[in-house]
Each structure stands twice: as structure tokens, then as C-alpha cells.
2 protein chains.
Amino acid sequence: MRCITIEKKIPKYIQLKETLLGLIESGAIRPGDQMPSENEIADRFDMSRQTVRQTLGLLEQEGRLYRLQGKGTFVSEQSPAAKTHEVQTVGILTTYISDYIFPHIVRGAESAVREKGYRLMLSSTDNDKAREREALEMMLSEPLSGLIIEPTRSAEGNPNVSLYLSLSYQNIPFIMINQRYPEITCPYLMVDDEDGGFQAADHLLSLGHQRIAGFFKTDDLQGVNRLKGFIKAHQERSCPLSPDMVIHYKTDEKWTRPYEIAMQLLASGSARPTAFVCYNDELAVHLLEAARQSGLSVPDDLSIIGFDDSSLATATEVKLTTLSHPKMQMGVDAAQILIDMIEGRSPASAEFCKLYKPELIVRNSTKKL
Amino acid sequence: MRCITIEKKIPKYIQLKETLLGLIESGAIRPGDQMPSENEIADRFDMSRQTVRQTLGLLEQEGRLYRLQGKGTFVSEQSPAAKTHEVQTVGILTTYISDYIFPHIVRGAESAVREKGYRLMLSSTDNDKAREREALEMMLSEPLSGLIIEPTRSAEGNPNVSLYLSLSYQNIPFIMINQRYPEITCPYLMVDDEDGGFQAADHLLSLGHQRIAGFFKTDDLQGVNRLKGFIKAHQERSCPLSPDMVIHYKTDEKWTRPYEIAMQLLASGSARPTAFVCYNDELAVHLLEAARQSGLSVPDDLSIIGFDDSSLATATEVKLTTLSHPKMQMGVDAAQILIDMIEGRSPASAEFCKLYKPELIVRNSTKKL
DNA sequence: TGGCCCAACATGTACATACAAGCTCAGTGA
DNA sequence: TCACTGAGCTTGTATGTACATGTTGGGCCA
């Protein structure tokens with residue numbers, strides 16, 4: 001009884017809409033065909049012309065019909081096609097596009113996204129919070145199906161939290177790579193930087209090095225974590241670590257400060273470090289130059305270890321020992337997990353997390369003491 | 001008289017719509033405010049409630065109003081903002097994203113595009129014609145305001161010409177970078193590769209080298225043009241060029257063929273070349289290794305010259321002499337010219353063309369014989 | 001035969017009425 | 001005091017009528 005009452009609550013004009021759509025979908029009325037006139041429909045379905053008009057208005061608004069005054073009402077051409085494979089868009093927001101390992105991440109994401117039939121919207125923040133906001137707002141000006149985000153300057157708080165929260169509110173899935181804002185709960189992928197830092201230091205310690213200088217960029221969490229692992233390795237091996245053997249620098253100092261300090265350290269006689277752990281290969285190559293300038297040979301006088309296994313690591317004459325991680329794969333994985341979330345296939349909770357263990361690649365820049 | 005008749009032809013519900021919009025725009029009714037009820041409006045403007053409903057339906061459809069049954073009709077929040085600076089999108093289609101100099105081009109384009117308030121859609125072809133088509137079709141599934149295209153494998157014809165022609169037909173401006181399809185007339189930006197090849201060879205010839213081997217990737221026009229300049233320099237200097245001093249290779253052979261041939265050439269005794277001109281820095285670094293393997297020192301026994309002035313050029317111990325060109329600037333210029341075209345500011349005809357003259361950067365990998 | 005006009009029919013505009021359904025709030029009753 | 005009810009407002013659904021406007025085609029007239 002109740003059921004029937006509820007059934008009956010469906011308005012007539014909606015019922016008519018479904019009926020007409022059925023006729024169109026079934027092919028009884030084909031694209032381009034003229035519909036029966038309003039009066040005819042009204043008679044046939046035993047309703048007033050006004051109600052028919054209301055239905056037709058809806059269908060016209062949805063693009064399924066078009067009406068020509070004086071001529072009649074007609075079925076639109078392409079509607080189902082346009083509706084079924086409408087292409088969706090995924091956004092990726094990175095700090096830098098051109099530098100170093102980022103292109104590989106972007107490339108991985110792009111190829112995975114393209115393969116799944118999505119488009120990729122790209123934006124970068126240049127590691128600037130204001131630009132992060134700008135880019136996010138611009139990307140979201142048209143509906144996005146999902147976002148891959150590489151957080152900007154994550155060690156220094158996050159004025160754009162509200163924007164990220166509004167993403168959740170709008171039900172737009174997103175995933176973070178490389179780093180993560182602690183305030184935001186979302187799936188993320190990152191290299192196990194602490195483990196990498198640990199492996200680097202541990203490798204050198206196991207080779208008998210006692211005075212190891214570590215150069216870390218500390219305005220992002222990656223550098224902080226690598227440093228953490230670096231310290232941990234010293235603790236586990238019970239090797240004392242002098243504070244002046246830990247060199248912090250910021251992104252904009254990368255071509256100045258580490259080099260200068262390296263030169264000082266290398267000139268410091270008997271207390272001179274016998275090994276450098278570098279934040280990444282770029283810096284390692286740079287400090288390799290510092291060693292040359294100081295008249296020291298690598299690895300005989302100084303061991304150097306990099307991070308990322310970039311193309312720079314093997315471009316040098318002394319091939320760099322470094323920590324390798326799947327740069328492009330992270331982009332691919334991020335895209336795939338995100339698309340799983342978009343398409344509702346994912347069991348990946350908000351807590352989902354994938355850590356990539358770096359692999360130590362021993363080449364010729366490190367040597368037993 | 002006629003005029004008045006025409007005035008009177010404007011339907012009441014349209015008039016009411018304009019009136020209400022006026023009230024909203026003027027601030028008399030503010031976003032979030034409740035509108036007068038349908039009956040009230042009907043009374044005030046002396047029309048039936050049905051007609052008022054028609055107007056409100058239109059405005060609701062346009063997103064200016066929303067209606068809540070039982071509560072009333074309200075003015076939407078953000079409509080004017082969303083309407084006035086609706087964000088447009090520009091696409092960029094490159095062969096590779098992560099390799100080498102492409103990230104710089106993409107970055108330049110991204111930053112210029114973002115600055116102008118556009119969004120950037122990114123896709124790559126992996127130098128594959130089928131994927132080029134796929135990517136183009138996908139990007140165009142939603143309207144794009146313009147496209148930056150780096151042609152795919154341009155030395156081998158172009159099965160996708162029709163797609164590009166349809167761009168013109170749809171009035172979507174586009175611009176090509178790095179290379180150009182000869183069948184398509186459009187503005188383009190490129191490095192003057194022929195001049196670069198010429199400068200490289202000329203530099204070595206002027207240093208007294210007589211036997212110079214040139215390694216060129218010839219499945220794209222860039223390599224072909226660099227080779228052209230390489231040959232031209234020999235002609236102008238009246239220096240004979242033996243055919244086996246010109247090595248062609250294809251993209252997928254880049255890690256094999258040139259290296260092998262270089263090793264052969266370097267082992268060929270008295271006829272051994274005294275200098276290498278390389279398609280790019282990547283290859284130059286690779287052939288630097290071949291020289292080391294052959295026990296030859298650079299630049300004393302062998303001069304090597306690269307192309308692109310990439311980060312690899314200074315990562316090596318022997319800093320590479322190379323040809324520099326504004327990688328990122330090309331992306332910036334492409335974006336700016338394209339946006340000028342989109343916004344109709346451009347006097348740039350379809351024939352517009354900008355050639356970047358490469359600049360020879362002399363470092364330590366070349367030496368007077 | 002050719003041009004014109006008008007009837008017939010299509011959708012568009014406008015108004016009237018009636019009742020259904022959802023929200024608010026004041027007043028009632030336990 | 002608190003919960004319920006119902007009056008009175010809102011928008012939503014449904015139908016009726018009337019006339020305007022645009023399209024087509026057949027029939028009339030020159």
C-alpha cells in the first residue's frame with residue numbers, strides 16, 4: 001500500500017521524460033527524427049500540453065532535443081556518445097617541473113593517466129606557497145576528477161590547508177607524493193628518505209669512515225628525513241657525530257653554502273672529513289668539483305655518496321655511488337591509485353601509504369678507508 | 001511607431017529576467033539573500049505567478065538562483081566571478097616529457113601560461129605517431145583555447161595532417177616548436193640547428209682539425225639540420241669530408257650504435273678522427289666515455305663538442321664545449337605568442353617564425369691541434 | 001504558370017486555478 | 001517544559017484557456 005503511494009509520487013513530467021528517453025534509446029525515435037507534436041503527446045499520454053512542455057523543456061535543456069518554433073521538436077544527434085566517453089581530467093601539482101627528478105615523476109604520471117583515458121593538467125608552484133594557492137584555484141576552476149600533489153616547502157607549515165580540506169569536501173580525491181602535510185589525511189607515496197639517509201651513512205661507516213659530513217637541504221621534509229637516517233646510522237654504529245659535520249642549507253643556497261662549507265671542511269687538515277653524504281646527486285656532482293679544487297681525488301682521498309641515481313651520477317668520470325629509487329614509477333603508481341579512487345575501485349583508505357625503499361648503488365665514488 | 005512595436009515584442013518573462021538580474025548586479029539583492037516570493041513578484045510586477053516561475057526557472061538554470069521548496073528562492077554566491085574570469089586552457093604536446101631539455105621547455109610554457117591566467121594541459125607522444133593522434137583527440141575532447149605542439153618524428157611524413165587542419169578549421173590557434181611539419185602552415189619557433197651544426201664544425205675547423213666525425217640523430221629534422229650545417233662548414237672551408245665521418249643513428253640506437261662506431265673510429269690508427277661533433281650533450285658525455293675507454297684524453301687527443309648546454313655539460317670533469325640555446329625561453333615565447341593569438345592581439349601571421357641562434361660556449365673539451 | 005494569401009499546425013508566451021509538498025513558527029495540550 | 005499540531009507561508013506539480021508567432025503547403029487569383 002505504502003509502496004504504491006510512494007511510486008505514485010513520481011511526478012508525471014518525470015515519468016514522461018523517462019518514457020521519451022526510453023523511446024529514443026531504444027531506437028523507436030531516432031536522432032534527427034521529429035517528435036510527435038506537443039498536443040499529440042498530450043493526447044496520447046492523457047495529460048495537458050503544459051505538462052508535456054515541461055518535460056520537453058527538461059530534455060531540451062539536457063541537449064537531447066531541440067525545438068524549432070513553427071516546425072516541431074526533434075531528437076538531437078550525438079548525445080549518447082558525448083555522454084559515455086566524456087574525457088575526465090586529472091591534475092598534477094609539483095614544486096618544480098624541469099629540475100632533476102621531477103620530470104620523471106611527471107612523465108610517469110602523464111603516461112599512466114593517458115593510458116587510462118584521462119587528460120593531465122599540469123601546474124607547478126616553484127616551491128612558493130602563494131603560487132600553490134593560485135595554481136590550485138586555477139586548476140579547480142573547472143571540475144577536476146582528481147589531483148596528484150607534491151607539497152610545497154612542507155617543513156614550514158601550510159597556509160593552504162583550507163584549500164585541501166575543501167577538496168575533501170567537494171569529494172575530489174587527491175594523493176600526495178614525495179612529501180606530506182601532517183595536517184591532511186590522504187593517501188601518499190614517498191621514498192623512504194630516512195632509510196636512504198641511513199643506508200648512505202651506514203655504507204660509509206661500514207667502510208671504516210669515522211668523520212662523515214652530511215649536507216642536507218632542510219626546507220623540505222625529504223632533506224630532514226634523510227638527515228634523520230644519517231644521524232640514526234651514527235647512533236646505531238655508536239659513532240660520535242660532531243655538529244659541524246651536519247650542514248643544513250636551503251633551496252636558494254644550493255649553489256653557494258654547501259660548496260663553501262665543503263671547501264672549508266676539506267681544508268681543515270687532520271680533522272678533515274673522509275666522506276660526504278649529499279642530499280642528492282646534483283649536490284654530489286657539485287661537491288665532486290670542490291674535491292677537485294681542493295686537490296683531493298675521489299674516492300681515494302674522499303668518498304662521496306649521492307641520492308636519486310639521476311643521469312648526473314654516471315655522467316661524471318668518477319661514477320657516483322648513490323641511492324636509487326623508482327622515480328618514474330612513483331608517478332605511474334600515483335596516477336593509478338588516484339584513478340582507482342576516482343572510479344571507486346579502491347580499497348585504499350585515507351591512510352593508504354606506500355614507501356619506496358631506496359636501493360644503494362655502489363659505484364666508484366666510495367672506497368674502504 | 002515600429003520601434004515601439006519591436007520593443008513591445010520582448011516577452012514579459014525576459015523583461016523580468018533582465019530586471020531581476022539588474023537588481024542582483026546593482027547589489028539591491030545580494031548573494032545569499034532571499035528573493036521575494038513568487039506571488040510577491042507577480043503582484044509587484046503585475047503578472048501571473050506562472051510567468052514569474054518561468055523567469056525564475058531560467059535564472060536557476062543559469063546558476064544565478066537556487067530554489068528550496070518550502071523555504072524560498074535565493075541568490076547564488078559566486079556567479080559573477082565564475083562568469084567573468086572563466087579560466088581558459090592551453091595544451092602542450094611534446095615528444096618526451098622527462099628527457100633532457102624538454103622539461104625546460106615545458107616549464108617555461110607552464111610558467112608563462114600560468115602567469116597569464118591560463119591552465120596548461122600536458123601530453124606527450126613518446127615520438128609515436130599513433131599516440132600523437134590519441135593525445136590530440138583526447139586533449140581536444142574539451143575545448144582548448146590553443147595548442148603548443150612539438151612535432152613527432154618530423155622527418156618521416158605526417159599521417160595526422162588532417163587533425164592539424166581541423167584545428168585551423170575549428171579556429172584553434174596553434175604554434176609549433178623545435179620542428180615543423182612542412183605541410184602545415186603555422187607560426188613556429190625553433191633553434192637554428194643548421195647554424196648550430198655549422199658553428200660546431202667551423203669552430204673545430206678553425207682550430208685546425210681536419211678529420212672530424214659527426215654523429216647525428218636523423219629521425220628528426222633537428223639532427224638533419226645540424227648535419228646540414230656540419231657539411232656546409234666543411235664546404236665553406238674547402239675541407240673534404242669522408243662519408244664514413246658522418247654517422248647517422250635513430251633514437252632507439254642512441255645508446256648503442258654511436259658508441260660502437262666511435263670506438264671503431266678511435267681505434268683506426270692514423271686515419272683516426274681528431275674531433276667529434278655530437279648531436280647533443282647526452283651523446284657527447286657518452287662518447288667522452290668512449291674516449292676514456294680508448295685511452296685517449298680529452299681535449300689533448302680528441303676534441304668533443306656537444307649541443308644544448310644542458311646540465312650534463314658541466315657535470316663532467318672535462319667541461320664540455322657546446323652550443324647553447326634558450327631552452328626555457330622557447331617555452332615562454334611559445335606560450336606568449338600563442339596567448340597573443342588567442343586574445344587576438346597578434347599581428348603574427350601564419351608565417352610567423354622565430355629562429356634562435358645557438359651560441360657557442362667554449363669550455364675545455366676542444367683544443368687547437 | 002507563377003505569385004500571393006491564408007488555413008492548418010507547430011511552438012512560444014501569458015494567465016488562471018487547484019492542489020501537493022516542504023518549511024516555520026505560534027499556539028495548544030499533556 | 002516539552003512535544004505535537006496546524007495555520008500560513010514557501011515552492012512544486014498539474015491542468016485549463018487564450019492568443020502570438022513561425023512554418024508549411026495548398027488553393028486562389030492574375
Side-chain angles (χ1 to χ4, degrees), chain A residues 1-21 23-24 29 31-76, chain B residues 1-21 23-24 29 31-76:
Chain A
M1 194 56 180
R2 233 169 213 287
C3 246
I4 292 168
T5 329
I6 288 169
E7 293 276 352
K8 282 200 116 176
K9 275 208 304 192
I10 296 176
K12 269 197 186 180
Y13 77 103
I14 299 281
Q15 289 180 32
L16 177 60
K17 181 185 156 193
E18 299 304 330
T19 308
L20 294 180
L21 275 181
L23 288 176
I24 294 171
I29 314 177
D33 283 3
Q34 180 165 7
M35 300 279 294
S37 79
E38 293 176 354
N39 282 316
E40 205 173 330
I41 296 177
D43 284 357
R44 186 135 41 160
F45 292 91
D46 193 38
M47 52 199 339
S48 78
R49 184 181 152 221
Q50 297 313 311
T51 307
V52 175
R53 276 187 67 70
Q54 192 170 1
T55 300
L56 296 183
L58 266 183
L59 290 170
E60 182 182 30
Q61 193 179 319
E62 289 176 15
R64 310 293 307 241
L65 302 178
Y66 58 94
R67 301 197 271 188
L68 299 177
Q69 184 174 152
K71 293 192 74 170
T73 305
F74 303 84
V75 180
S76 302
Chain B
M1 196 52 178
R2 238 173 206 282
C3 245
I4 293 168
T5 330
I6 287 170
E7 292 277 354
K8 282 200 119 174
K9 274 207 305 190
I10 295 177
K12 269 196 184 179
Y13 77 104
I14 299 283
Q15 289 179 34
L16 177 60
K17 182 184 156 195
E18 298 304 327
T19 308
L20 294 180
L21 274 181
L23 288 176
I24 294 171
I29 314 178
D33 282 4
Q34 179 164 8
M35 300 279 295
S37 79
E38 293 175 355
N39 283 316
E40 204 174 331
I41 296 177
D43 282 357
R44 183 134 43 161
F45 291 92
D46 193 36
M47 53 199 340
S48 78
R49 183 180 155 222
Q50 302 312 312
T51 307
V52 174
R53 277 187 65 69
Q54 194 170 1
T55 300
L56 295 183
L58 265 184
L59 290 170
E60 183 181 31
Q61 194 178 319
E62 288 175 15
R64 311 294 306 243
L65 301 178
Y66 58 94
R67 301 197 269 189
L68 299 178
Q69 184 173 151
K71 292 194 73 172
T73 305
F74 302 84
V75 180
S76 302

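Order of the sequence lines fixes the chain letters, A, B, ..., with proteins taken first and strands second; residue numbering starts at 1 for each chain.
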With a 4.0 Å limit, can you tell me whether Thr51(A) has a side-chain N or O closer than that to the phosphate oxygens OP1/OP2 of dA14(D)?
no
Is any side-chain N or O of Thr73(A) closer than 4.0 Å to OP1 or OP2 of dT11(C)?
yes
Length of the line joining [X]:[atom1] and [N]:[atom2], which is rounded to integer Å:
| X | N | atom1 | atom2 | answer |
| --- | --- | --- | --- | --- |
| Asp43(B) | dA16(C) | CG | C1' | 14 Å |
| Arg67(B) | dT13(D) | CZ | P | 9 Å |
| Gln54(B) | dA14(D) | CD | P | 18 Å |
| Leu59(B) | dT11(D) | CG | C1' | 16 Å |
| Lys17(A) | dA14(D) | NZ | C1' | 18 Å |
| Phe45(A) | dA14(D) | CZ | C1' | 17 Å |
| Met35(B) | dT10(D) | CE | P | 13 Å |
| Arg53(A) | dT21(D) | CZ | C1' | 12 Å |

Quick one: does any side-chain atom of Thr55(A) pair with a main-chain N or O of Tyr13(A) as donor and acceptor, under 3.5 Å?
yes
Is the backbone N or O of Gln15(A) less than 3.5 Å from a side-chain atom of Thr19(A), with the two atoms forming a donor-acceptor pair by type?
yes
What nitrogen or oxygen pairs link the protein and nucleotides 23-25 of chain D at under 3.5 Å?
unit_1	atom_1	unit_2	atom_2	d
dT23(D)	O4'	Gly70(A)	O	3.4
dT24(D)	OP1	Lys71(A)	NZ	3.3

Tell me, please, which residues at least two apart from Glu18(A) pass salt bridge (charged side-chain N to carboxylate O under 4.0 Å, His left out).
none
For Lys12(A), give me all partners under salt bridge (charged side-chain N to carboxylate O under 4.0 Å, His left out), at least two apart in sequence or on another chain.
none
Validation row: Leu65(A), Met35(A) side chains within 4.5 angstrom (heavy atoms):
yes
For Arg67(B), check side-chain hydrogen bond (donor to acceptor under 3.5 Å, both in side chains) against everything at least two apart and list the hits.
Glu38(B), Glu60(B)
Rounded to the nearest 0.5 Å, what separation is found between the CD1 atom of Ile14(B) and the OG1 atom of Thr51(B)?
12.0 Å
If each of Asn39(B) and Ile14(A) is mapped to the nucleotide of DNA chain D with the nearest heavy atom, which maps nearer the 5' terminus, i.e. the 5' end?
Asn39(B)
With the criterion being N/O to N/O and under 3.5 Å, what pairs connect the protein with nucleotides 16-18 of chain D, and how long is each?
unit_1	atom_1	unit_2	atom_2	d
dT17(D)	O4	Gln50(A)	NE2	2.8

Test side-chain contact (heavy atoms from CB on, under 4.5 Å) on Tyr66(A) and Thr73(A); report intermediate values, then the result.
CA-CA 6 Å; Tyr66(A) 58 94; Thr73(A) 305; over 6 Å; no
Partner set under side-chain contact (heavy atoms from CB on, under 4.5 Å) for Asp43(B), not counting sequence neighbours:
none
